[in-house]
A.B. asks: 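For reference, the structure I am asking about is given below.
Numbered from 1 within each chain, the chains take letters A, B, ... in sequence-line order.
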Amino acid sequence: MTEKIAHLLRHGQPDTNVAIQGWVRTKRELKEFTFLEINDGSALANLQVVLEPSLPDYKDLLKKLNTGASVEISGTLAASPAKGQRIELKATTLQLYGEADPETYPLQKKRHSMEFLREIGHLRARTNTFGAVFRVRNACAAAIHQFFQDRDFLWVHTPIISASDCEGAGEMFTVTGFNLNKIPRNEAQEIDYSQDFFGRQAYLTVSGQLEAEVMATAFSNVYTFGPTFRAENSNTSRHLAEFWMVEPEMAFCDLVGDMDLAEAFLKHIFKTVLERCPEDMEFFNQRIDNSVLATADNIINNQFERVTYTEAIALLEKAKKKFEYPVKWGLDLQSEHERYLAEELFKKPTIVTDYPVEIKAFYMRLSDDEKTVRAMDILAPKIGEIIGGSQREERLDVLEQRIINQGLNPKDYWWYLDLRRFGTVPHAGFGLGFERLVQFMTGMGNIRDVIPFPRAPLTVEF
RNA sequence: UGCCAGAUAGCUCAAUGGCGGAGCUGGCGGCUGUUAACCGCAAGGUUGUGGGUUCGAGUCCCACUCUGGCAGCCA
């Protein structure tokens with residue numbers, strides 16, 4: 001039976017016989033024997049394997065054991081006589097599964113740029129950096145489920161195809177069964193979606209929130225965790241056309257409870273990932289961003305700053321820094337303002353609450369002053385907005401008026417309004433961009449490097 | 001989508017309008033319980049695409065394509 005390298009590096013004992021399977025990272029040929037570094041993805045570190053000339057077909061094999069080749073090796077573990085590793089594997093048999101021609105294999109025994117690795121998306125997971133990223137991404141996902149499951153939140157599966165262009169947020173991808181060379185049109189030459197698969201225009205979802213609210217009014221506490229889509233032509237280091245979102249929704253909860261949950265949530269994820277992936281996190285701190293561990297410590301051990309939008313505006317007006325965009329009550333905070341608050345002023349995650357009603361979505365609960373809504377954004381240093389949430393408007397008449405005021409048709413939201421018509425409750429929730437969390441955690445500069453197969457404008461090859 | 005920068009060897013980058021270079025990788029040889037080993041040798045090029053200016057263009061001009069950064073939109 002083969003064992004995972006991560007397990008052997010941690011628990012392997014000298015003089016035990018083991019077998020491993022993995023890919024050659026490097027080969028160092030000496031006169032009397034050869035060192036191989038084998039990686040199977042289970043850990044950042046490689047297992048050092050010692051090949052001696054007594055190995056069958058030693059000379060012939062050596063020529064084929066190049067970076068990228070896949071192998072199964074069995075042998076005996078031994079305490080390493082040299083520094084650099086606790087144990088090593090002395091090979092007795094070696095099976096070569098697949099060679100990797102060193103003349104054409106793109107991954108070299110050297111550092112590559114992220115831009116180059118994006119061009120070989122099918123091979124980049126075999127590098128140290130991407131191995132660490134995707135292990136940490138997995139640990140984040142597991143920690144998220146654990147956090148909610150421990151608190152009796154129900155994981156609800158909201159649809160990927162949706163008819164509601166909810167929130168009026170962003171451009172949406174249309175889902176159609178039409179033959180695009182023969183699209184039915186009506187007399188006005190408009191596309192006739194009544195003849196389409198769903199009988200009306202359908203889209204890829206931009207958020208599971210409305211459906212999560214449906215489920216929260218039956219199960220009290222729920223969360224979604226799945227892909228969402230935006231057809232925006234955004235070309236930045238923190239936007240994707242397809243990304244994963246986490247959206248908890250809680251019945252009988254107000255904005256303070258929402259913020260408390262969000263803060264506990266982020267603390268739990270950072271703590272769990274640090275415990276589970278210490279080597280990977282150390283790697284990020286050394287090679288990617290030397291503030292990663294300090295940031296994690298800051299998140300885990302400090303209270304987040306909480307300010308109202310009105311207070312934030314006052315602080316920005318007092319700031320000595322010159323901003324490109326104006327600071328004025330009623331205008332939305334720009335990236336530079338968010339970064340100033342989180343990075344320079346408070347130097348930690350900052351929750352801004354109670355935004356002007358005009359710049360936020362219709363479903364956010366109107367405050368008694370009728371000028372602000374019970375919304376909150378959590379601003380993270382470097383990343384900007386990582387969580388956006390709100391207490392939802394639970395009053396039917398107020399919600400209907402808000403929909404109308406935003407130029408939307410209440411009829412399109414009939415089932416959403418029914419939630420307020422029948423057994424309405426105060427409720428609140430938030431949305432977390434999963435890739436932004438992984439970015440924040442790892443210090444990776446570009447969001448396209450924290451998702452295995454990034455989708456963005458002109459980017460869909462792998 | 002806007003602004004800015006860039007595209008030269010497999011990778012990362014140099015090259016005053018005048019003979020296209022280096023380091024690394026890969027190849028060959030040597031050496032060593034090695035650690036992204038080390039030493040030596042050789043090899044490696046339609047300078048992103050299409051036009052233009054010029055005696056002469058990697059270099060200057062125009063267009064296009066792609067990449068990166070920032071911004072907008074947002075998570």
Side-chain angles (χ1 to χ4, degrees), chain A residues 25-37 45-52 63 66-68 78-85 88 90 100-120 127-128 167-172 205-209 224 227-247 287 323-325 332-339 359-361 377-380 383-389 430-440 445-451 456-459 461:
Chain A
R25 279 293 175 81
T26 65
K27 171 180 66 178
R28 289 186 291 273
E29 283 184 75
L30 282 65
K31 199 164 205 172
E32 304 298 328
F33 48 94
T34 295
F35 293 110
L36 286 184
E37 299 274 349
N46 306 314
L47 181 64
Q48 175 163 289
V49 175
V50 183
L51 305 183
E52 296 188 337
K63 285 192 175 133
N66 298 302
T67 301
S80 178
K83 286 180 183 173
Q85 56 281 316
E88 61 191 19
K90 293 202 178 295
D101 180 1
E103 299 276 1
T104 53
Y105 186 59
L107 290 175
Q108 304 172 352
K109 277 201 313 194
K110 56 173 284 198
R111 203 180 177 91
H112 288 295
S113 68
M114 294 297 160
E115 291 80 7
F116 172 69
L117 292 171
R118 262 171 237 149
E119 294 172 9
I120 50 168
T127 64
N128 284 339
E167 309 174 60
E171 290 291 308
M172 306 173 79
T205 184
V206 294
S207 163
Q209 185 199 312
T224 73
T228 51
F229 309 86
R230 304 281 165 90
E232 296 288 347
N233 191 11
S234 298
N235 291 290
T236 81
S237 56
R238 53 186 196 287
H239 288 87
L240 290 166
E242 176 181 306
F243 63 99
W244 284 59
M245 257 213 294
V246 179
E247 295 170 292
R287 305 292 283 267
F323 295 113
E324 191 182 339
Y325 289 85
D332 206 354
L333 298 180
Q334 301 294 315
S335 285
E336 56 174 346
H337 306 140
E338 296 179 346
R339 294 182 68 137
I359 60 175
K360 286 292 181 182
D377 285 352
I378 301 187
L379 312 176
I383 306 297
E385 186 182 340
I386 190 169
I387 281 180
F430 63 79
L432 166 97
F434 183 57
E435 282 75 18
R436 287 193 184 170
L437 174 73
V438 180
Q439 249 191 302
F440 189 32
N446 195 312
I447 200 166
R448 298 177 191 204
D449 299 330
V450 297
I451 186 168
L458 304 174
T459 303
E461 177 78 15

A.B. asks: Determine the Euclidean distance between corresponding C1' atoms of A43(B) and C62(B); express it in Å to zero decimal places.
C.D. replies: 39 Å

A.B. asks: Does Phe35(A) reach a base, just sugar-phosphate, or nothing at all? Heavy atoms under 4.0 Å.
C.D. replies: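 Base contact - Phe35(A) has a heavy atom under 4.0 Å of at least one base atom.
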
A.B. asks: Looking only at heavy atoms, what is the nearest atom pair of Glu435(A) and Val450(A), with distance?
C.D. replies: O-CG2, 3.5 Å

A.B. asks: In whole angstrom, what separates Asp449(A)'s CG from U67(B)'s C1'?
C.D. replies: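 It is 13 Å, rounded to the nearest whole Å.
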
A.B. asks: Using only atom types and a distance under 3.5 Å, with no angle test, would you say the side chain of Thr228(A) pairs donor to acceptor with the backbone of Phe243(A)?
C.D. replies: yes

A.B. asks: Assuming nearest nucleotide by heavy-atom distance, tell me which of Leu458(A) and Leu432(A) is located more 5' along RNA chain B.
C.D. replies: Leu458(A)

A.B. asks: Under 4.0 Å, heavy atoms only, any strand: does Lys360(A) hit a base, just the sugar-phosphate, or nothing?
C.D. replies: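 Result for Lys360(A) = nothing.
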
A.B. asks: Please classify the nucleic acid contact of Glu88(A) as base, sugar-phosphate, or nothing, using heavy-atom distances under 4.0 Å.
C.D. replies: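 It contacts base atoms.
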
A.B. asks: Donor-acceptor pair, His337(A) side chain versus Gln334(A) backbone, under 3.5 Å?
C.D. replies: yes

A.B. asks: Any non-hydrogen side-chain atom of Phe440(A) less than 4.5 Å from a side-chain atom of Ile386(A)?
C.D. replies: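 They are in side-chain contact.
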
A.B. asks: If we take the C1' atom in both G68(B) and U12(B), what is their distance in whole Å?
C.D. replies: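 G68(B) and U12(B) have their C1' atoms separated by 15 Å.
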
A.B. asks: Looking only at non-hydrogen atoms, find the nearest pair between Glu336(A) and Tyr325(A) and report the distance.
C.D. replies: OE2-N, 2.6 Å

A.B. asks: Please enumerate all residues that pass salt bridge (Lys or Arg N to Asp or Glu O under 4.0 Å) together with Arg118(A), with sequence neighbours excluded.
C.D. replies: Asp449(A)

A.B. asks: Any chance you could list the contact pattern along nucleotides 21-32 of chain B? Use B for base contacts, S for sugar-phosphate-only contacts and - for none, protein heavy atoms under 4.0 Å, 5' to 3'.
C.D. replies: --BBSSS---SB

A.B. asks: Could you list the residues that satisfy salt bridge (Lys or Arg N to Asp or Glu O under 4.0 Å) with Arg339(A), not counting sequence neighbours?
C.D. replies: Glu343(A)

A.B. asks: Tell me the interatomic distance from Glu338(A), atom CD, to C74(B), atom P, rounded to whole angstroms.
C.D. replies: 11 Å

A.B. asks: Using side chain to side chain contact (heavy atoms under 4.5 Å, CB included), reason through Val206(A) and Phe229(A) one step at a time and then give a plain yes or no.
C.D. replies: CA-CA 5 Å; Val206(A) 294; Phe229(A) 309 86; 5.8 Å; no

A.B. asks: Are there runs of at least three consecutive Watson-Crick or G-U pairs touching RNA chain B, with each pair's two distances under 3.5 angstrom? Give them by first number.
C.D. replies: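 As far as RNA chain B goes, consecutive pairing (with distances under 3.5 Å) yields the stems B:1-7 with B:65-71, B:10-13 with B:21-24, B:27-30 with B:38-41, B:48-52 with B:60-64.
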
A.B. asks: Quantified in whole Å, what is the P atom distance between nucleotide C11(B) and nucleotide G26(B)?
C.D. replies: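 The answer is 15 Å between these two P atoms.
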
A.B. asks: Do NZ/NE/NH1/NH2 and the carboxylate oxygens of Glu37(A) and Arg28(A) come within less than 4.0 Å?
C.D. replies: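 Judged by the 4.0 Å cut-off on N to carboxylate O distance, Glu37(A) and Arg28(A) do form a salt bridge.
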
A.B. asks: For U53(B) versus C60(B), give the span between their C1' atoms, rounded off to a whole number of Å.
C.D. replies: 8 Å

A.B. asks: Measuring only the P atom in each nucleotide, how far is U65(B) from C28(B)? A whole number of Å is fine.
C.D. replies: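 Approximately 44 Å lies between the P atom of U65(B) and that of C28(B).
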
A.B. asks: Assign the ring pair Phe116(A) / His112(A) to parallel, tilted or perpendicular, where the plane angle (0 to 90°) is split at 30° and 60°.
C.D. replies: tilted

A.B. asks: Taking all heavy atoms of Ser237(A) and all of Gln439(A), pick out the closest pair and write down the distance.
C.D. replies: O-NE2, 3.3 Å

A.B. asks: Write down the atom of Arg25(A), the atom of Lys109(A), and the distance for their closest heavy-atom approach.
C.D. replies: O-CG, 4.0 Å

A.B. asks: Just how far, in rounded Å, is C1' of U34(B) from CG of Leu51(A)?
C.D. replies: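 Interatomic distance, CG of Leu51(A) to C1' of U34(B): 13 Å.
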
A.B. asks: Please report the distance, rounded to the nearest Å, between NE2 in His112(A) and P in U12(B).
C.D. replies: 8 Å

A.B. asks: When rounded to the nearest Å, what value does the distance between C1' atoms of U47(B) and C19(B) take?
C.D. replies: 16 Å

A.B. asks: Rounded to whole angstroms, how far apart are CD1 on Ile451(A) and C1' on A75(B)?
C.D. replies: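 These atoms are roughly 12 Å apart.
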
A.B. asks: Please name the pair of heavy atoms, one in Thr205(A) and one in Pro227(A), separated by the smallest distance, quoted to 0.1 Å.
C.D. replies: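 That closest heavy-atom pairing would be CG2-O, 3.9 Å.
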
A.B. asks: Pull out every protein N or O sitting under 3.5 Å from an N or O of nucleotides 46-48 of chain B, one pair per line with the distance.
C.D. replies:
none

A.B. asks: Atom CG of Asn46(A) to atom C1' of A36(B): distance rounded to whole Å?
C.D. replies: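 The distance from CG of Asn46(A) to C1' of A36(B) comes to 11 Å, rounded to the nearest Å.
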
A.B. asks: OP1 or OP2 of A37(B) less than 4.0 angstrom from a side-chain nitrogen or oxygen of Arg28(A), does that happen here?
C.D. replies: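 The answer is yes; a side-chain N or O of Arg28(A) sits under 4.0 Å from OP1 or OP2.
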
A.B. asks: Please give, in whole Å, the distance from A36(B) P to Glu37(A) CD?
C.D. replies: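 That distance rounds to 8 Å.
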
A.B. asks: Using the C1' atom in both, what is the distance from G72(B) to U59(B), to the nearest Å?
C.D. replies: 35 Å

A.B. asks: With the side chain of Ser113(A) defined as its heavy atoms from C-beta on, choose the nearest nucleotide among A75(B), U12(B), G33(B).
C.D. replies: U12(B)

A.B. asks: Is it the case that the side chain of Thr459(A) and the backbone of Pro457(A) share a donor-acceptor pair, with hydrogens and angles ignored and the cut-off at 3.5 Å?
C.D. replies: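 Such a contact is found between Thr459(A) side chain and Pro457(A) backbone.
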
A.B. asks: Taking side chain as C-beta onward, heavy atoms only, is Asp332(A) less than 4.5 Å from Ile359(A)?
C.D. replies: yes

A.B. asks: Could you check which of U35(B), U34(B), A36(B) has an atom nearest any side-chain atom of Arg111(A)?
C.D. replies: A36(B)

A.B. asks: Give the rounded distance in Å between these two atoms: CZ of Phe243(A) and P of C73(B).
C.D. replies: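 Roughly 16 Å, once rounded to whole Å.
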
A.B. asks: Using atom C1' in both nucleotides, what's the gap between U8(B) and C3(B) to the nearest angstrom?
C.D. replies: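 To the nearest whole Å, 26 Å.
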
A.B. asks: Give one of base, sugar-phosphate or nothing for Glu119(A), where a contact means two heavy atoms less than 4.0 Å apart.
C.D. replies: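 Nothing: the residue Glu119(A), judged by heavy atoms under 4.0 Å, touches no strand.
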
A.B. asks: What's touching nucleotides 68-72 of chain B from the protein side, N or O pairs under 3.5 Å?
C.D. replies:
{"from": "G68(B)", "atom 1": "OP1", "to": "Arg118(A)", "atom 2": "NH1", "distance (Å)": "2.7"}
{"from": "G69(B)", "atom 1": "OP1", "to": "Asn446(A)", "atom 2": "ND2", "distance (Å)": "3.4"}
{"from": "C70(B)", "atom 1": "OP2", "to": "Ser237(A)", "atom 2": "OG", "distance (Å)": "3.3"}
{"from": "C70(B)", "atom 1": "N4", "to": "Asn235(A)", "atom 2": "O", "distance (Å)": "3.2"}
{"from": "A71(B)", "atom 1": "O2'", "to": "Tyr325(A)", "atom 2": "OH", "distance (Å)": "3.0"}
{"from": "A71(B)", "atom 1": "N6", "to": "Asn235(A)", "atom 2": "O", "distance (Å)": "3.3"}
{"from": "G72(B)", "atom 1": "OP1", "to": "Gln334(A)", "atom 2": "OE1", "distance (Å)": "2.6"}
{"from": "G72(B)", "atom 1": "OP1", "to": "Ser335(A)", "atom 2": "N", "distance (Å)": "3.4"}
{"from": "G72(B)", "atom 1": "OP2", "to": "Ser335(A)", "atom 2": "OG", "distance (Å)": "3.0"}

A.B. asks: Quick check against the 3.5 Å criterion: does Glu88(A) have a side-chain atom that pairs as donor or acceptor with the backbone of Gln48(A)?
C.D. replies: no

